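Step one of this worksheet: look at the structure below.
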Amino acid sequence: MQQSNLENIFEDFLNRSSVFINKDSLTIRYTPDNIPHRDLQINGIAKVLAPCLRLERPSNLFIYGKTGTGKTLVVQRVCHQLEALSLKKTVPLKVIYVNCKMRRVADTEYRLIAQLAKEVGQDVPATGLPTDEIYKVFFSAIDVKEQMIVIVLDEVDRLVKKAGDDVLYNLTRVNQELKKARVSIVGISNDVTFTDDIDPRVKSSLNEEEMVFPPYDALQIKDILLERAKIAFAEGAVGETIAGKCAAYAARDHGDARRALDLLRVAGELADRDAKGVIDESYIDFAEEKIEHDNTFEVVKHLPTQSQLVLYSGLVLDSSGSKPFFTGDLFSIYYDFCSKIGLKPLTQRRVSDLIGELDMLGLFNAKVISKGRYGRTREVKVGIHVSSLAKLRDLLESSLGFQ
DNA sequence: CGAGATTCATGTGAAGTATACCTTTAGGCTTAA
DNA sequence: AAGCCTAAAGGTATACTTCACATGAATCTCGTA
């Protein structure tokens, strides 16, 4: 492409009028002033955490709700206010927020505590130290003075599924170790049934208070969208029917408001790209597809090589038969690919675990079935939208170094 | 014909191994008095 | 003699392997009606 041409593109971009005024207000980073339909929860959480301000340890709190029901947002909102107020009243209070699902950040006991330590300014190595040592570092870092610490663990269910409930047990016992600081834990979980399989001791001490976030219904989502759209978009860029359509799409599966906002944002971006001043319905459909597409790509790109190859093997099997396939099938074709690209093959045991992980990520849909006389295995289907399959294969092929 | 045993292919848990990385410690070298 | 650097020793977490046992319905077997 020629340089003058490039310049034109940039010029063009700058001069072009956008449907957005403030795009940030549609992203997850944005904390709106007003959170509609969540007053009950906000007040509830505030009441639980309020004792912080008198340096009394509040009850541990546990929050359940599906994705996009505003859990994280509400908690962050309340915590911000709490911190702001504590600053004004000079109460030593600190809120630590950790998202446990982040791969390689906080998905094991060690890494979680290391992350907590980092949040309070103690840098610790990624490996090599005993876990107790990490605990000690973290404890002594917060126990330097009398203060209140609120630890928010987002998506704890992931952590517990991967690393067991020891972490939680240790954390709930923190207060006995500390002399000056007080710690309170707020756990956020997407999985409502998740406490079923944690130790009753942990359960009783963690669940001092609990709260459920019900899904939004279509009307509520529409409210939320209109509210945000007012901030985000130029006058008249989004009609009420568009918001309604987004809401309907998002409400279709469990009232996910985040999804609705994504939909609106991406639709806006697409409209901008076409230099249209208005978002019409067709953009919503494109946006739905694009989001799906982008999300899976983002996930796949950051997968370790071996997982990528397992996924690729799955895709190949899927395209050849488009019927569900079994662990054994996948393993043998995976094995062939390994020698083809010069990768040391993993054992079937490990591949089985990787299939499980891909299932958790939603890239596969796997369930264990028994075929009676013909054994027991996982029945695997590819859980990726058809429209992304071809491009995904290309991506994997180049990333894995196929010719 | 039906209850119980058998079978298959792999799930799954536990224990062991390799690797990468950490801290501690001891020895050797340098330096300043 | 004190201070500093380096390399070895001893320790850990993590990803993976090895081993061994668990699973569960289709199929087989065999006693019984």
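These values consider heavy atoms only, across backbone and side chains, with no hydrogens, waters or symmetry-generated copies. Source: prediction; values computed, not measured. The sequence lines fix the lettering, A, B, ..., with proteins before strands; numbering per chain opens at 1.
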Mind calculating the distance between CG (L112(A)) and P (dA13(C)) to the nearest angstrom?
15 Å
Nearest heavy atom decides the nucleotide; on that basis, is I355(A) or G375(A) closer to the 5' end of DNA chain B?
G375(A)
Rounding to a whole Å, what distance do you find between L129(A):CG and dT12(C):P?
11 Å
For D353(A) and dT10(B), give me the distance from atom CG to atom P, rounded to whole Å.
15 Å
dT17(C) phosphate, OP1 or OP2: any side-chain N/O from T347(A) under 4.0 angstrom?
yes
Go through dT17(C), dG11(B), dT27(C) for me and flag the one nearest to the R350(A) side chain.
dT17(C)
Under a 3.5 Å cutoff, is there a donor and acceptor pairing between the side chains of D274(A) and Y283(A)?
yes
Closer than 3.5 angstrom, by distance alone: can the side chain of N60(A) be matched with the main-chain N or O of E208(A) as a donor-acceptor pair?
no
Please determine if a side-chain N or O atom of R349(A) lies less than 4.0 Å away from the OP1 or OP2 oxygen of dA14(B).
no
At under 4.0 Å, does any side-chain N or O of T131(A) touch on OP1 or OP2 of dT12(C)?
no
Length of the CD-C1' vector between Q115(A) and dA13(C), whole Å:
16 Å
Tell me if the side-chain of R376(A) makes a donor-acceptor pair with the base of dT23(C), cut-off 3.5 Å, by modelled atom types.
yes
Should the ring pair F402(A) and F337(A) be called parallel, tilted or perpendicular, given that the plane angle runs from 0 to 90° and is split at 30 and 60?
perpendicular
Between dA26(C), dC21(B), dT14(C), which nucleotide has the shortest distance from any of its atoms to the side chain of T108(A)?
dT14(C)
Could you check which of dC16(C), dA26(C), dT12(C) has an atom nearest any side-chain atom of P130(A)?
dT12(C)
Nucleotide of dC16(C), dG11(B), dA25(C) approaching S352(A) most closely (side-chain heavy atoms):
dG11(B)
Side chains of S352(A) and R378(A): do they bring a donor and an acceptor to under 3.5 Å?
yes
Please tell me which of the listed nucleotides, dT17(C), dA13(C), dC8(B), lies nearest to the side chain of R373(A)?
dC8(B)
From OH of Y135(A) over to P of dT12(C), roughly how many Å is that when rounded to an integer?
16 Å
Which of the following nucleotides, dA13(C), dG11(B), dA25(C), is nearest to the side chain of Y110(A)?
dA13(C)
Without decimals, in angstroms, what is the distance between F325(A) CZ and dT10(B) P?
13 Å
Atom CG of L343(A) and atom C1' of dA15(C) are separated, to the nearest Å, by 14 Å
Out of dC16(C), dT10(B), dT14(C), which has the shortest distance to the side chain of Q306(A)?
dC16(C)
Could you state the atom-to-atom distance from CD1 of I369(A) to P of dA26(C) in whole Å?
10 Å
Side chains of Q306(A) and Y334(A), donor plus acceptor under 3.5 Å
yes
